[in-house]
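For reference, the structure discussed in these notes is given below.
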Number of protein chains: 2
Amino acid sequence: MVTLAEVARHAGVSASTVSYVLSGKRSISAPTRERVERSIKELGYHPNAGARALASSRSNIIALMVPLRTDIYVPVMMEVAIAVATTARAHGYDVLLLTGEEGPAAVRRVTGSGLADAMILMDIELEDERLPLLHAARQPTVLIGLPADTIGLTCVDLDFTATGALCAEHLAALGHREIAVIGEAAAVYERHTGFAERTLDGLRAAARELGLRLLHRPCEGSYESMDGTLSRIFDERPGTTGFIVQNEAAIDPLLSLLRRQGRAVPEDVSVVAICPDQVATSASVRLTSVAIPAQEMGRRAVELVVAKLQGDASEQVALLPPELTVRASSGPPPF
Amino acid sequence: MVTLAEVARHAGVSASTVSYVLSGKRSISAPTRERVERSIKELGYHPNAGARALASSRSNIIALMVPLRTDIYVPVMMEVAIAVATTARAHGYDVLLLTGEEGPAAVRRVTGSGLADAMILMDIELEDERLPLLHAARQPTVLIGLPADTIGLTCVDLDFTATGALCAEHLAALGHREIAVIGEAAAVYERHTGFAERTLDGLRAAARELGLRLLHRPCEGSYESMDGTLSRIFDERPGTTGFIVQNEAAIDPLLSLLRRQGRAVPEDVSVVAICPDQVATSASVRLTSVAIPAQEMGRRAVELVVAKLQGDASEQVALLPPELTVRASSGPPPF
DNA sequence: TGTCTGCGTCGAAGCGCTTCGCTGCCCTCT
DNA sequence: AGAGGGCAGCGAAGCGCTTCGACGCAGACA
């Protein structure tokens with residue numbers, strides 16, 4: 001293992017000089033810098049992470065806490081995680097992967113041990129049990145998702161309230177009056193996951209204003225559950241002409257079942273999905289959708305956290321505005 | 001920040017005693033241990049990770065390198081990643097998330113800096129450019145996937161050769177003679193990803209032995225590409241009665257299109273999938289499938305890596321035997 | 001010509017922990 | 001009763017790096 005001291009000896013300078021060449025925190029003359037850099041390359045020197053962390057009390061690691069649930073759509077999580085890792089690297093940070101399993105204990109462990117300089121938390125519940133710990137921690141933290149109370153917190157999220165409203169407005173503008181909402185699995189609502197409830201809020205507010213009749217049904221996303229849900233929807237509201245789908249897993253079952261029932265999309269019923277673009281464009285009907293900007297969320301979260309690490313007391317809640325893309329699954333209702 | 005020294009003072013012992021209480025590397029009398037443990041709790045002490053890493057030259061971190069490609073089925077990757085993180089924690093390790101983006105440079109960085117004690121690599125190509133670096137590194141490494149040459153390497157993977165054979169045997173036993181294989185996206189084959197080629201090898205060998213006619217077609221997994229692929233298959237081999245699907249994303253499109261063409265599953269055509277059980281059971285037809293044991297792979301990888309860290313020169317290549325579960329999508333061919 | 005300023009470099013003091021060797025002490029065995 | 005052997009605990013030496021203060025040597029200024 002090559003150490004800083006060996007580099008210094010090889011270059012004929014002191015250890016501190018090498019350190020300053022590396023960090024750029026003091027000015028070094030060009031010839032010296034070049035000599036040091038050449039030695040670094042020749043010896044294949046890599047600074048020791050542990051020693052660095054100890055001496056500087058910064059680990060250059062950002063902890064990312066992902067849910068280990070399987071009832072939330074996984075590709076979105078993965079996309080966020082990868083965007084976080086990629087963006088973090090671009091800023092000189094590595095990413096530590098924590099699963100929700102440990103819960104609050106993980107937060108305590110990380111903040112206590114100095115393992116990471118900062119944290120990014122995903123899958124935020126409205127009253128998340130991890131939040132109280134964050135106020136005590138000296139690590140900057142960014143939440144991907146919105147809890148009930150955001151005082152003193154930094155959050156990034158898609159504006160799901162606006163997303164809900166946007167879906168409702170689109171269908172209303174086309175002339176639909178009876179809308180069914182295919183929601184997330186019941187468990188998602190039971191633990192008061194912010195995004196699911198906010199979408200519903202936005203949806204309901206817009207529906208009231210626009211005079212829409214809304215029917216919300218949670219759905220597990222399997223074929224069977226979708227089948228049952230769909231029958232009950234049409235039993236209860238035979239005049240339903242619009243569907244808003246929040247559970248990505250339910251999209252394929254829904255489209256299949258509609259087709260099987262002889263209901264054409266978009267001629268008989270319109271479908272609007274809240275899902276990544278990739279899902280919307282690769283379904284059997286190209287779906288009108290509001291995109292979930294997973295990459296953007298990951299990127300923004302890292303940028304906020306890095307800004308905080310540099311002392312910028314930047315913006316507190318970054319709500320990304322939803323964008324609805326009209327594709328082939330929505331049109332005017334039949335008459 | 002509470003330090004070990006403060007704990008020692010509070011408990012009235014020396015720092016080394018506290019350290020030994022923590023590590024259990026020397027015997028400590030019960031009363032002393034209890035006193036120290038009480039102090040630790042009272043003061044809320046957490047050992048500093050950097051200092052630990054420096055002093056012991058072990059970071060208790062395992063690096064996990066995941067692909068950032070999107071043409072490989074994401075849920076499997078995520079499941080592996082989560083299993084790795086969970087199992088690692090159970091063994092006292094944290095997980096550092098690296099994306100394939102940096103490529104070999106990431107391997108060099110991690111091994112050079114002592115950031116991690118060991119590495120787990122995913123998405124292995126047959127001639128993976130990261131492999132040469134591993135021989136030089138002193139970090140134990142485990143691959144999830146199988147390169148062409150496994151000499152000196154430790155690998156975990158589903159036995160994809162056997163998987164291919166198993167699928168072929170199942171259909172052959174039912175009486176099928178003309179089989180179409182819906183493969184991964186062409187790009188996956190182009191970069192010589194091990195599992196895709198191995199499956200094909202197993203399939204072809206079994207087909208030859210069993211007298212099956214095999215037609216292999218790569219497929220992107222979108223509706224459009226599946227549509228085109230399917231037409232060409234039936235054009236070329238109208239007598240096709242069996243499908244083996246490796247690309248999970250192609251499953252729903254395939255089932256939809258078959259239904260739309262009026263081909264009943266399993267009465268007219270049988271479908272066997274290679275995918276996680278969850279996918280097989282939530283499709284519109286419950287699929288006969290060989291499971292991809294993502295969790296098991298992640299778990300085994302960690303266990304192997306931990307064994308290596310403890311000096312056990314354990315088994316080298318762990319190929320998990322495939323298991324075929326018969327469900328509702330396969331049956332005898334029509335006559 | 002003497003003083004001041006600032007740049008480039010060095011030395012040394014830690015950062016908080018692990019680990020090695022040592023010292024008492026008590027118990028056992030002969 | 002004396003020697004031998006464990007057990008418990010202590011002290012000190014680092015691990016490899018960052019960072020602060022100090023120092024020497026230019027050039028600038030009066």
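Under 4.0 Å is where a charged nitrogen must lie from a carboxylate oxygen, and between B:Arg299 and B:Glu303 at least one such pair does. Salt bridge B:Arg300/B:Glu296: present, at least one basic N to carboxylate O contact under 4.0 Å. At a threshold of 4.0 Å, the pair A:Arg9-A:Glu6 does not count as salt-bridged, since none of the basic side-chain nitrogens sits closer than that to a carboxylate oxygen.
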So which protein N/O to nucleotides 23-28 of chain C N/O distances come out below 3.5 Å?
none

Could you write out each protein N or O paired with an N or O of nucleotides 7-9 of chain C at a distance under 3.5 Å?
residue	atom	partner	partner atom	Å
C:dG8	OP2	A:Ser27	OG	2.5
C:dT9	OP1	A:Ser29	OG	2.7
C:dT9	OP1	A:Thr32	OG1	2.2
C:dT9	OP2	A:Ser29	N	2.8
C:dT9	OP2	A:Ser29	OG	3.3
C:dT9	O4	A:Arg26	NH1	2.8

Every protein N/O within reach of nucleotides 15-17 of chain D N/O, cut-off under 3.5 Å:
residue	atom	partner	partner atom	Å
D:dC15	O2	B:Ala55	N	3.4
D:dC17	OP1	A:Tyr45	OH	2.4
D:dC17	OP1	A:Asn48	N	3.2
D:dC17	OP2	A:Leu4	N	2.3

Problem set entry | Derivation and outcome, side-chain contact (heavy atoms from CB on, under 4.5 Å), residues A:Met1 and B:Arg138 | CA-CA 10 Å; A:Met1 236 224 104; B:Arg138 65 195 159 299; 3.6 Å; yes
For this session: Would you sort out whether A:Gln316 and A:Leu153 count as a side-chain contact (heavy atoms from CB on, under 4.5 Å), showing the intermediate values?
Result: CA-CA 6 Å; A:Gln316 289 309 295; A:Leu153 300 172; 5.9 Å; no
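With hydrogens and angles disregarded, a donor-acceptor distance shorter than 3.5 Å links the side chain of B:Asp117 to the backbone of B:Asn60. The backbone N or O of A:Leu115 lies less than 3.5 Å from a partner atom in the side chain of A:Ser113, making a donor-acceptor pair. Remark: the backbone N or O of B:Gly50 is not paired with any side-chain donor or acceptor of A:Arg52 at under 3.5 angstrom. The backbone N or O of B:Ala116 sits less than 3.5 Å from a side-chain atom of B:Gln139, completing a donor-acceptor pair. Using a distance-only test at 3.5 Å, with no hydrogens or angles considered, a donor-acceptor pair links the side chain of B:Ser23 to the main chain of B:Lys25.
Neither OP1 nor OP2 of D:dT18 sits under 4.0 Å from any side-chain N or O of A:Lys25.
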Side-chain atoms of residues 95-102 of chain B: list all donor-acceptor pairs with protein atoms under 3.5 Å, sequence neighbours left out, distances to 0.1 Å.
residue	atom	partner	partner atom	Å
B:Glu102	OE1	A:Arg89	NE	3.3
B:Glu102	OE1	B:Arg109	NH2	3.1
B:Glu102	OE2	B:Arg109	NE	3.1

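Taking five base pairs at each end of the helix from C:dT1-D:dA30 to C:dT30-D:dA1 and finding the rotation axis that steps the C1' atoms of four pairs onto the next four gives two axes whose angle is 40°, to the nearest 10°.
By the side chain to side chain contact (heavy atoms under 4.5 Å, CB included) test, A:Leu126 pairs with A:Ala148, A:His192, A:Glu197, A:Arg198, sequence neighbours left out.
Atom CG in A:Leu22 sits roughly 11 Å away from atom C1' in D:dT18 (whole-Å rounding).
Going from atom CD1 of A:Ile62 over to atom CD1 of A:Ile120 covers 5.5 Å, rounded to the nearest 0.5 Å.
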